[in-house]
A.B. asks: 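Dropping the structure in here first, questions after.
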Amino acid sequence: MDETHDYTDIERGRLEKLQHLRAEGIEPFPPRVERSHTNAEAIKAFEKSEKKKSKKPLRATLVGRVRSIRTMGKIIFAHIEDGHGSLQLFLRANDLGEEKLELFRNYYDIGDFVQASGEMFRTRAGEVSLRVEEFRMIAKAITPLPAAKDEEVAGEVVRHATLADPELRYRQRYADLAVNPQVREIFRVRAAITRALREFMDSQDFIEVETPVLQPVYGGAAARPFTTHHNQLKQDLYLRISFELYLKRLLVGGFERVYEIGRDFRNEGVDRKHNPEFTMLEFYMAYADYQRVMEFTEEMLLFTGKQVLGGTKFTYQGNKIDLGVDWPRIELSEAVLEFTGIHLKDYPDAASLAAAMMAKKYNVPAGASRGKLIDDMLGAQVEPRLIQPTFLYNYPREVSPLAKSLPSNPQIVERFEGYMGGFEICNAFTELNDPLDQLSRFEEMSRNLKAGDEELHPMDEDYLRAMRYGMPPNGGFGMGIDRLTMLFTDQANIREVILFPHLRKREE
RNA sequence: GGGCGCGUAGCUCAACGGCAGAGCAGUGGCCUUUUAAGCCAUUGGUUGGAGGUUCGAAUCCUCCCGCGCUCACCA
């Protein structure tokens, strides 16, 4: 990335302008600015004073990035944009003097940040504008913004020929955000989602906690971890793949309701639903079981939807989705039957189930356990069809080493997953709190881990010790915030809801 | 990892075996209520990279790099 030494013609021209300003004694990057209103406030205040038929003109000092310039001889129109909207500047030789007008005309460019003051007024065309009496550069832009031009249509800014190449948009997210207002909006929604979730959790008497990202033993999910190393301690560490085992230790410690919103890291495939690091909400609720957590999940998402979307309905990739109705609760085996025609109870072992799946031409990974096969079938055949909010419940034990079995069937665990828009958004279960049962689950996993299934996690002795002190019965829950954001912002790719998504390293 | 597709000016895109172009941006000029302002003129390219085929390659072939979609893998 040697661009700084390889300027384009446009950049060289702007550097010359910058040098000229400096030569004239004008600092193009001053440390302080003045501002009386945001653009949106100024427009609102002006419209209010207009209604009151106030004789006193409204004065304003505004700041923003120049988004368009229209020069017409001795007057110049320009739009500036701040974080709250855009507003038109009107610069006229009569008000400024020809010299100042020429200064703007010759040395100010689209992309520059400027400060301008004067009186608010309405142009002949009816647009609320600032009649500029004074202006100054507050940050000169060297590189042209990757967008052509703005158009104002009925008060809405239409941006033409704007940055569209997804690779450039992700690699230079700053440029993407600078020119694509709809991208900024996605991240406002994302922030509103986490805010609403925190508000809800806090209102339900949960305490927000932070647990280690760097962990000596990883666990809580089926995934391969990233590995790192502490130099002084000469100790290998893992980036967490879930928060689960630490959060449940806190229940042992006496907290009844804990949650954490933070980053998980999984060293696995990257695609439109998976980024190597992603944001999870996990919570653990003492004295609740998975049925209670299902109810809670509905309440939580209903609240979040109302807060963020202002209602319960939204459209995802052409499908209308309503959070306001009770989520159907379907037993996993029923869902599999409905979408594949396979009766799980007719295939009690991996070999017979694999044969049944092969008969249907489903992909069957070699050496997979029965639980893994069911999980695969779920992902490929069932999940994409679950558009409306739906819970599937009662999962196979082999793929749920931290969940409590059904009293009536040790091979099935009290676990559910929530689906929406064709993908999984949350996963929850009645947490296993029997240290002896947990030990045997770990041992089972360790055997499989040695046998080569790298996604299983190793024994966590300390977690078992914690559990031996006594862990209250509890329901636990995890939800991908990125995926919820995809749903609420109608984005098909997880990269659109992550500010700086991971991309392959590029030699520059 | 497999398949398909894409990569051309700062941005958005044409040209698809025969002189590498347009709009916007930029630069110079005209223009005192414009709003993708308009008008005149004009700068800007190792066509992602390296090889090959050909009289001639942005275009066809091979490899490499990157991205997208998809399958596989994967919560």
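Fair warning: this is a prediction, and the values are worked out from it, not measured in the lab. A, B, ... follow the sequence lines: proteins, then strands. Residue 1 opens every chain.
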A.B. asks: Check every atom of B/U35, B/U32, B/U12 against the side chain of A/Ile75 and return the nucleotide holding the closest atom.
C.D. replies: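 Minimum distance to the A/Ile75 side chain belongs to B/U32.
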A.B. asks: Need one value for A/Phe423: base, sugar-phosphate or nothing, where a base atom within 4.0 Å counts as base even if backbone is also close, heavy atoms only.
C.D. replies: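 The residue A/Phe423 makes no contact with any strand.
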A.B. asks: So which nucleotide from B/U33, B/A25, B/G66 ends up closest to the side chain of A/Met72?
C.D. replies: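 The listed nucleotide nearest to A/Met72's side chain is B/U33.
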A.B. asks: Would you kindly say whether A/Asn427 and A/Arg415 are connected by a side-chain donor-acceptor distance under 3.5 Å?
C.D. replies: yes
A.B. asks: Mind checking A/Ile76 for me? I need base, sugar-phosphate or nothing, with any heavy atom below 4.0 Å counting as a touch.
C.D. replies: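 The answer is nothing, as A/Ile76 stays clear of every strand by at least 4.0 Å.
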A.B. asks: If we take the C1' atom in both B/C71 and B/U35, what is their distance in whole Å?
C.D. replies: 49 Å
A.B. asks: What's the closest nucleotide to the A/Arg105 side chain, out of B/C31, B/C67, B/A25?
C.D. replies: B/C31
A.B. asks: Taking atom types as they are modelled, would you say the side chain of A/Glu127 forms a donor-acceptor pair with the base of B/U33 within the 3.5 Å cutoff?
C.D. replies: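 Checked by distance alone, the answer is no.
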A.B. asks: Rounding to an integer number of Å, can you tell me how far A/Arg169 CZ sits from B/C11 P?
C.D. replies: 14 Å
A.B. asks: For side-chain contact (heavy atoms from CB on, under 4.5 Å), just list the numbers for A/Val213 and A/Phe243, CA-CA rounded to whole Å, side-chain angles, deciding distance to a tenth of an Å, and then say yes or no.
C.D. replies: CA-CA 8 Å; A/Val213 171; A/Phe243 323 151; over 6 Å; no
A.B. asks: Select one nucleotide: of B/C74, B/U33, B/C67, the one nearest the side-chain heavy atoms of A/Phe121.
C.D. replies: B/U33
A.B. asks: What distance, rounded to whole Å, do you find between the two C1' atoms, one in B/C65 and one in B/G48?
C.D. replies: 7 Å
A.B. asks: Taking atom C1' in both B/G18 and B/G1, what distance in whole Å separates the two?
C.D. replies: 41 Å
A.B. asks: Under 4.0 Å, counting only non-hydrogen atoms across every strand here, what does A/Ala164 touch: a base, just sugar-phosphate, or nothing?
C.D. replies: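 Sugar-phosphate contact only - A/Ala164 comes under 4.0 Å of backbone atoms but never of a base.
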A.B. asks: Start at the 5' end of RNA chain B and walk down; is the nucleotide closest to A/Asp376 or to A/Phe77 reached first?
C.D. replies: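 In this pair, the answer is A/Phe77.
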A.B. asks: For the atom pair OG1 (A/Thr390) and CD (A/Glu383), what is the distance rounded to the nearest 0.5 Å?
C.D. replies: 11.5 Å
A.B. asks: Given the C1' atoms of B/A25 and B/C19, what is the spacing between them in whole Å?
C.D. replies: 26 Å
A.B. asks: Figure out the OH/P separation between A/Tyr7 and B/G10, and round it to whole Å.
C.D. replies: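 From A/Tyr7 OH to B/G10 P: 16 Å.
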A.B. asks: Look at the rings of A/Phe90 and A/Phe77 and say which category their plane angle falls in: under 30° parallel, 30 to 60° tilted, over 60° perpendicular.
C.D. replies: tilted
A.B. asks: Figure out the CD/P separation between A/Glu11 and B/C11, and round it to whole Å.
C.D. replies: 10 Å
A.B. asks: Quick check for you: among B/U34, B/A25, B/C69, whose closest atom lies nearest to any side-chain atom of A/Ile110?
C.D. replies: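 Selected nucleotide (nearest to the side chain): B/A25.
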A.B. asks: Any strand is fair game: report the nucleotide pairing with B/C60 by Watson-Crick or G-U wobble, both distances under 3.5 Å, or none.
C.D. replies: B/G52
A.B. asks: Using Watson-Crick or G-U wobble geometry with both distances below 3.5 Å, tell me the partner of B/C31, or none.
C.D. replies: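 The base-pairing partner of B/C31, which may sit in any strand shown, does not exist here.
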A.B. asks: For B/G44, does OP1 or OP2 lie under 4.0 Å from any side-chain N or O of A/Arg12?
C.D. replies: no
A.B. asks: Does any donor-acceptor pair link the side chain of A/Arg124 with the base of B/U33 at a separation under 3.5 Å?
C.D. replies: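 A donor-acceptor contact between them is absent.
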A.B. asks: For A/Thr71, report the nucleic acid contact type (base, sugar-phosphate, nothing); a contact means any heavy atom under 4.0 Å.
C.D. replies: base
A.B. asks: Taking the minimum atom-to-atom distance to the side chain of A/Lys17, which one of B/U27, B/C11, B/C67 wins?
C.D. replies: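 The answer is B/U27, which lies nearest to the side chain.
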A.B. asks: Within this structure, what is the CG-to-C1' distance between A/Asp109 and B/G10, rounded to whole angstrom?
C.D. replies: 12 Å
A.B. asks: Give a yes-or-no answer on whether the side chains of A/Gln88 and A/Arg67 include a donor-acceptor pair shorter than 3.5 Å.
C.D. replies: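 A/Gln88 vs A/Arg67: no donor-acceptor pair found between side chains.
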A.B. asks: How far, in whole Å, is B/C67 from B/G51 if one measures between their P atoms?
C.D. replies: 24 Å
A.B. asks: Report yes if at least one side-chain N or O of A/Lys74 is closer than 4.0 Å to OP1 or OP2 of B/U34; otherwise report no.
C.D. replies: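 No.
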A.B. asks: Both A/Arg266 and A/Arg272 contact RNA chain B. Taking the nearest nucleotide for each, which residue is further toward the 5' end?
C.D. replies: A/Arg272
A.B. asks: Let's test this: given Watson-Crick or G-U wobble pairing with both distances under 3.5 Å, identify the partner of B/G66.
C.D. replies: B/C6
A.B. asks: If the P atom of B/C11 is compared with that of B/G45, how far apart are they to the nearest Å?
C.D. replies: 14 Å
A.B. asks: Side chain of A/Leu168 only, heavy atoms from C-beta on: which candidate in B/U70, B/U33, B/C11 is closest?
C.D. replies: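 Nucleotide nearest to A/Leu168's side chain: B/C11.
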A.B. asks: Judged by modelled atom types alone, do A/Tyr284 and A/Glu282 share a side-chain donor-acceptor pair under 3.5 Å?
C.D. replies: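 Looking only at side-chain atoms, A/Glu282 and A/Tyr284 do form a donor-acceptor pair, the distance falling under 3.5 Å.
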A.B. asks: Between atom CZ of A/Arg483 and atom CE of A/Met280, what is the distance when rounded to the nearest 0.5 Å?
C.D. replies: 9.5 Å
A.B. asks: Within the 3.5 Å criterion, strictly below it, is a donor on A/Ser68 or A/Arg70 matched to an acceptor on the partner's side chain?
C.D. replies: yes
A.B. asks: Base, sugar-phosphate or nothing for A/Arg131? Non-hydrogen atoms, less than 4.0 Å.
C.D. replies: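 Here A/Arg131 touches the bases of the nucleic acid.
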A.B. asks: Reckon A/Arg67 has a side-chain N or O less than 4.0 Å from the OP1 or OP2 of B/U35?
C.D. replies: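 Result: no.
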A.B. asks: Taking only side-chain nitrogens and oxygens of A/Arg70, does any of them come within less than 4.0 Å of OP1 or OP2 of B/U34?
C.D. replies: no
A.B. asks: Decide yes or no, distance alone: a donor-acceptor N/O pair under 3.5 angstrom between the base of B/U32 and the side-chain of A/Asn94.
C.D. replies: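 Present.
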A.B. asks: Can you identify which nucleotide, out of B/C74, B/C69, B/U35, has its nearest atom closest to the A/Asn493 side chain?
C.D. replies: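 Closest nucleotide among those given: B/C69.
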A.B. asks: Can you identify which nucleotide, out of B/G10, B/G66, B/U34, has its nearest atom closest to the A/Arg504 side chain?
C.D. replies: B/G66
A.B. asks: Please give the nucleotide sitting opposite B/G1 as a Watson-Crick or G-U wobble pair, both distances under 3.5 Å, or none.
C.D. replies: B/C71
A.B. asks: Nearest 0.5 Å, please: how far is CG in A/Leu484 from CD1 in A/Ile193?
C.D. replies: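 That separation rounds to 4.5 Å.
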A.B. asks: I need the CD1-P distance between A/Ile10 and B/U27, as an integer number of Å.
C.D. replies: 8 Å
A.B. asks: How many Å lie between CZ on A/Arg92 and C1' on B/U32, as a whole number?
C.D. replies: 7 Å
A.B. asks: When the distance from CZ of A/Phe104 to P of B/U32 is rounded to whole Å, what number comes out?
C.D. replies: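 Answer to the nearest Å: 18 Å.
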A.B. asks: Where the side chain of A/Asp165 is defined as all heavy atoms beyond and including C-beta, which of B/U35, B/G10, B/U12 is the nearest nucleotide?
C.D. replies: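 Within the option list, the nearest is B/U12.
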A.B. asks: If you measure from the C1' atom in B/C24 to the same atom in B/C64, how many Å do you get, rounded?
C.D. replies: 34 Å
A.B. asks: Checking A/Leu214 against A/Thr228 for the side-chain contact (heavy atoms from CB on, under 4.5 Å) test, could you report, in this order, the C-alpha distance in whole Å, the side-chain angles of both residues, the deciding distance, and whether it holds?
C.D. replies: CA-CA 8 Å; A/Leu214 294 174; A/Thr228 187; 3.8 Å; yes
A.B. asks: Quote, to the nearest angstrom, the C1' distance that separates B/U53 from B/G10.
C.D. replies: 35 Å
A.B. asks: Return yes if the base of B/U34 and the side-chain atoms of A/Thr123 contain a donor-acceptor N/O pair under 3.5 Å, otherwise no.
C.D. replies: yes
A.B. asks: State the pairing partner of B/G21; accept Watson-Crick or G-U wobble contacts with both distances under 3.5 Å, and report none otherwise.
C.D. replies: B/C13
A.B. asks: For A/Arg14, report the nucleic acid contact type (base, sugar-phosphate, nothing); a contact means any heavy atom under 4.0 Å.
C.D. replies: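 Counting heavy atoms under 4.0 Å across all strands, no contact is made by A/Arg14.
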A.B. asks: Using whole Å, what does the distance between atom P of nucleotide B/C30 and atom CD of A/Glu98 come to?
C.D. replies: 11 Å
A.B. asks: Which part of the nucleic acid, if any, lies within contact of A/Asn427, taking any heavy atom under 4.0 Å across all strands shown: a base, the sugar-phosphate backbone alone, or nothing?
C.D. replies: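 If one applies the 4.0 Å heavy-atom cut-off, A/Asn427 turns out to touch a base.
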A.B. asks: When both hydrogen-bonding distances must be under 3.5 Å and the geometry is Watson-Crick or G-U wobble, what is B/G44 paired with, if anything?
C.D. replies: none
